[in-house]
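Contents: one structure, followed by commentary.
Every chain is numbered from 1, with letters handed out A, B, ... down the list of sequences.
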Number of protein chains: 2
Amino acid sequence: MDRIDRKLLNLLQHDASRTNVAMADEVGLSPSSCLRRIRRLRRNGVIQRIVAILNPAKTGRVLKALVTVELKLHGEQHMRQFLNLAIGEDAVAQAYAVTGGVDVVLMLQLRDMEEFDALCDRLFRDQTNVARFFTMMVIRTAKNETAVPL
Amino acid sequence: MDRIDRKLLNLLQHDASRTNVAMADEVGLSPSSCLRRIRRLRRNGVIQRIVAILNPAKTGRVLKALVTVELKLHGEQHMRQFLNLAIGEDAVAQAYAVTGGVDVVLMLQLRDMEEFDALCDRLFRDQTNVARFFTMMVIRTAKNETAVPL
DNA sequence: GATGAATGTGCAACAAAATTGCATGAAAGT
DNA sequence: ACTTTCATGCAATTTTGTTGCACATTCATC
């Protein structure tokens, strides 16, 4: 992982649609060397995958919400059970087990409040293991970065 | 945005590294038609960009933390000022202005606790506009999905 | 310092993919 | 029924990805 690798990773993190020859040009390498480096970074698992980032608003997911969840029973199996329930939901974009006053934090991407209502029903209903949940609707997304600083 | 477009978007959301001919094959289209559809989805802004997703652990960012922040002054300019301060930090991966008991939620990706300490100094110090902040360290990431359900 | 293994590099040739122009065919509106 | 619009497939062309090979560089061992 030298300077050139980092440069390649930074380029790929922000725009992986450019061609190999263009990238080789930018880092001052021949296309073949450049390609071999990228393949190695992929084999090593540094590059997990190449994906398209869609505009959520253009696909109807206009609402975001952060929800903190406090469980009734805190055993490992109960935690896992709730997380499995949560990650099975399409609207749950991120799910974390955390330290602090709560047990779980969820990031939701919703079409409308009706979907939120239905989701609360499925995840936070009386029969589930949820003692309390607290919702923070996202007013503004100031930053949402997929790139990792190197 | 018909069935084929959605199929293409789903393929691209999970693996944008496959070739155009492979994708054309999967959706049952000729390569040229497939390419034109993808270009249109990009022009329309449905596809925002193509990026490489790196493994944060392999780049030394092993700690994640969620921080809720309560401001002292709640005016729009104060909010914007704090958000601008936050998004300037490399360790801040996500930053949201939210409703609920707090004003801002940050998602941090940290190398170690020392970096967290230094970051708190810069963002939550006495001279800043922060009344209170509450940290939840991430124990487990159960889900972290870049794809939007269609 | 010399030697040898290991690794990375550029070049050239080849294979494969992206891209474009064009003609055909379907759908929509007049 | 007619025109317009739009998407599609085909074929030709350009561009890119890929591989084998010889050479240079680094590093460790003698």
Nucleotide D:dT18, atom P - distance to CZ of A:R40 in whole Å: 16 Å
Touch class at under 4.0 angstrom, heavy-atom based, for A:R37 against every strand present: sugar-phosphate
B:Q94 vs A:M107 side-chain heavy atoms within contact, under 4.5 Å: yes
Check: A:R40 and A:R43 side chains under 4.5 Å, non-hydrogen atoms: yes
salt_bridge(B:R37, B:D2) N-O dist < 4.0 Å: yes
Nearest heavy-atom neighbours spanning A:M137 and A:A65: SD-CB, 3.7 Å
Between the first and last five pairs of the helix from C:dG1-D:dC30 to C:dT30-D:dA1, the angle of the axes, rounded to 10 degrees: 40°
Boundaries of the DNA chain C segment in contact with chain B, non-hydrogen, under 4.0 Å: C:dA17 to C:dG21
Spacing of B:L35 atom CG relative to D:dA11 atom P, expressed in whole Å: 18 Å
Interatomic distance where CE belongs to B:M1 and C1' belongs to D:dA7 [whole Å]: 17 Å
Electrostatic pair B:E89:A:K143 at N-O distance under 4.0 angstrom: no
Distance test, side-chain N/O of B:S33 to OP1/OP2 of D:dG9, below 4.0 Å: yes
Touch class at under 4.0 angstrom, heavy-atom based, for B:R18 against every strand present: nothing
Out of D:dC10, D:dT16, D:dT19, whichever nucleotide has its closest atom nearest the side chain of A:R39: D:dT19
Touch class at under 4.0 angstrom, heavy-atom based, for A:S32 against every strand present: base
Residue from B:V104, B:T128, B:N129 passing side-chain contact (heavy atoms from CB on, under 4.5 Å) with B:V69: B:V104
Heavy-atom side-chain contact between A:L123 and A:F133 under 4.5 Å: no
Close side-chain approach of B:V92 to A:E145, heavy-atom, < 4.5 Å: no
A:R36 CZ to D:dT19 C1', straight-line distance once rounded to whole Å: 8 Å
For atom CZ of B:R3 and atom C1' of D:dA7, their distance in whole Å: 15 Å
Validation row: B:Q13, B:N10 side chains within 4.5 angstrom (heavy atoms): yes
